[in-house]
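Structure record follows, encoded as structure tokens.
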2 protein chains.
Amino acid sequence: MFQTTVLVVYGQIIMSTNDSTQTKILDAAEFLFAERGFAETSLRTITSRAKVNLASVNYHFGSKKSLIQAVFDRFLQDFTLQLSIRLNELEQEPASELKAEVLLGALIDPLLSLNKTRKNAVSIFMRLLGRAYAETQGHLRRYVTERYGHVLVRFTHLFQKGYPGLTNDQIFWRLHYMLGSLIFTLAGSDALRQISEADFNRSLEVKDVIQEMVPFLAAGMKA
Amino acid sequence: MFQTTVLVVYGQIIMSTNDSTQTKILDAAEFLFAERGFAETSLRTITSRAKVNLASVNYHFGSKKSLIQAVFDRFLQDFTLQLSIRLNELEQEPASELKAEVLLGALIDPLLSLNKTRKNAVSIFMRLLGRAYAETQGHLRRYVTERYGHVLVRFTHLFQKGYPGLTNDQIFWRLHYMLGSLIFTLAGSDALRQISEADFNRSLEVKDVIQEMVPFLAAGMKA
DNA sequence: AGTTGTTTGAAACATACGTTCAAAACAAGA
DNA sequence: TCTTGTTTTGAACGTATGTTTCAAACAACT
């Protein structure tokens with residue numbers, strides 16, 4: 001008794017809406033979690049925004065903690081699927097082809113493609129990642145790394161193959177730096193703006209921000 | 001009625017302890033806030049760790065929100081003071097001297113000097129900054145930027161002077177990237193480790209991590 | 001020793017939260 | 001239409017939280 005619309009072009013899902021209770025909850029939850037944080041968002045706020053009953057969260061997801069995991073799963077399933085397709089291709093390439101720009105592309109393209117599924121999905125996803133990363137204490141990070149960590153390991157191996165002159169330590173940390181720039185910048189691209197002055201004429205498109213970032217990160221990688 | 005010990009060498013405060021209730025609360029609060037987050041840390045947990053009465057938080061700081069601000073103030077007063085001394089010097093220098101390594105040093109040295117005041121102060125401070133940054137919604141970021149933003153503006157101007165070939169937009173974003181790497185890396189240097197494999201032999205000292213980061217960031221700045 | 005202003009202490013308050021429950025509403029098949 | 005399994009609903013429960021209150025303890029000064 002809910003409405004589902006799926007727009008498919010040349011076999012690819014371009015946009016889909018799903019008015020089921022579960023989807024309405026996930027949509028409201030991911031927005032509010034990204035906006036305010038996990039602890040700061042109550043189930044009542046979520047169900048109120050989703051226009052569903054409070055009890056339906058526990059009925060469909062079991063608990064608030066499981067809802068948070070479900071929000072991440074929806075993003076990470078899409079993302080890691082696309083990423084591992086790219087990794088499969090790159091793992092066939094010779095080391096000479098594994099330059100930073102190429103490897104970053106394998107990360108960024110799947111990321112940007114998320115915006116095809118939901119509005120502002122990339123910003124929301126990055127904010128959620130930033131928050132999950134801050135949750136040193138919680139079980140969320142453990143859950144994410146246990147479930148999706150193997151993809152990042154493959155990504156690391158490609159960098160090691162492409163940059164044999166760097167030690168494993170250097171690779172590890174530089175990947176760390178790059179992730180930091182990416183998540184930090186995309187999570188709060190509207191944030192640091194108010195720190196600086198107003199006389200900047202910045203392009204706000206996520207795509208442009210990332211495009212601007214690639215040469216910066218690639219240069220650092222070659223340092 | 002409380003004990004204060006200040007160790008001064010050649011006119012500089014090397015280490016100081018202060019057993020007043022306010023200090024005990026601040027010490028416990030900054031540790032727990034960094035560890036678990038603001039919302040996830042209750043006043044009862046704080047006062048229990050600090051071994052003071054629950055009501056003393058509201059007596060000395062007014063509210064939990066004000067306590068959070070006070071925690072930041074204690075860090076930022078130390079840090080921005082040291083930073084602005086360095087900025088004063090650098091603002092006298094010719095543009096040719098304002099290279100990325102030098103400017104980053106003006107940021108990093110005051111940062112590292114925080115570890116002289118309290119144990120693990122740098123890591124704690126960076127985690128707090130990461131959390132404050134994630135708090136898009138809250139008033140915390142507004143408070144910090146209104147009170148200490150002018151120092152960052154001066155820092156931005158120095159970069160513009162040192163790198164006249166870059167547009168203001170590029171400067172702005174690249175500073176953004178650098179901050180992301182810095183905060184992200186230092187806030188969770190023990191975090192991404194478990195994602196990757198165990199066969200890395202990483203140095204864990206904050207100082208070393210930062211030292212390793214400078215060439216990476218400087219190369220990006222020159223890209 | 002007595003007075004005054006400050007700090008601490010134990011208890012209580014009101015509120016917001018995640019979760020549970022049982023009844024009602026609904027959908028689908030016999 | 002009756003039955004069965006699923007979903008939605010409104011209300012309630014227990015608990016944890018930030019804050020307030022007011023009396024007791026304390027420190028400094030005369």
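We name chains A, B, ... by the order of the sequence lines, and we start the count at 1 in each one.
The salt bridge (charged side-chain N to carboxylate O under 4.0 Å, His left out) check on A:D27 picks up A:R74, with sequence neighbours excluded. When the ring-ring contact (aromatic ring centres under 6.0 Å, His included) test is applied to A:Y148, no partner is found at least two apart in sequence or on another chain. Judged as a side-chain contact (heavy atoms from CB on, under 4.5 Å), and not counting sequence neighbours, B:S48 has no contacts. Shown here are the salt bridge (charged side-chain N to carboxylate O under 4.0 Å, His left out) partners of A:E91, two or more places apart in sequence or in another chain: A:R154. Every side-chain contact (heavy atoms from CB on, under 4.5 Å) that A:L54 has, sequence neighbours left out, goes to A:L43, A:R44, A:T47. Remark: B:F72 engages no residue in a ring-ring contact (aromatic ring centres under 6.0 Å, His included) (not counting sequence neighbours). Judged as a ring-ring contact (aromatic ring centres under 6.0 Å, His included), and not counting sequence neighbours, A:F61 has no contacts. Partners of B:R147 according to the salt bridge (charged side-chain N to carboxylate O under 4.0 Å, His left out) rule, which considers only residues two or more places apart in sequence or in another chain, are B:D73.
Residue A:N53 contributes atom CG, which lies 10 Å from atom P of D:dA11 at whole-angstrom precision. When the C1' atom of D:dT19 is taken as reference, atom CD1 of B:I46 falls 14 Å away, rounded to whole Å. Look at CG on B:D19: it is 12 Å from P on C:dT8, rounded to the nearest Å. Rounded to a whole Å, the CG atom of B:L67 is 15 Å from the C1' atom of D:dT17. Whole-Å rounding puts the B:L54 CG to D:dG18 C1' distance at 8 Å. Nucleotide C:dG18 holds its P atom 11 Å from the CD atom of A:E40, rounded to whole Å. At whole-Å resolution of the value, CD1 in A:I25 and P in C:dT19 are 13 Å apart. One can place CZ of A:R36 at 10 Å from P of C:dC17, the figure rounded to the nearest angstrom.
In the set D:dT20, D:dT19, D:dG10, D:dT20 carries the atom at the smallest distance from any side-chain atom of B:A55.
Screening residues 20-45 of chain A for ring pair (Phe, Tyr, Trp, His ring centres under 6.0 Å) gives A:F33-A:F38 as the qualifying pairs, with residues at least two apart or on separate chains.
Cation-pi contact between B:R118 and B:F125: absent, since separation from the ring centre below 6.0 Å together with deviation from the ring axis within 45° is not met.
At a non-hydrogen distance threshold of 4.0 Å, A:Y59, A:H60 from residues 56-65 of chain A come into contact with DNA chain D.
Among the heavy atoms of the strands lying under 4.0 Å from A:T41 are primed sugar atoms or P, OP1, OP2 only; no base atom is included.
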Dot-bracket for DNA chain C, 5' to 3', Watson-Crick and G-U pairs with both distances under 3.5 Å, [ ] for crossing pairs, | for partner on another strand, reads ||||||||||||||||||||||||||||||
Anything under 3.5 Å between a protein N or O and an N or O of nucleotides 13-16 of chain C, put it in a table, one pair a line.
none

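In summary, of the residues considered (A:Y177, A:F216, A:F184), a ring pair (Phe, Tyr, Trp, His ring centres under 6.0 Å) with B:Y177 occurs for A:F216 alone.
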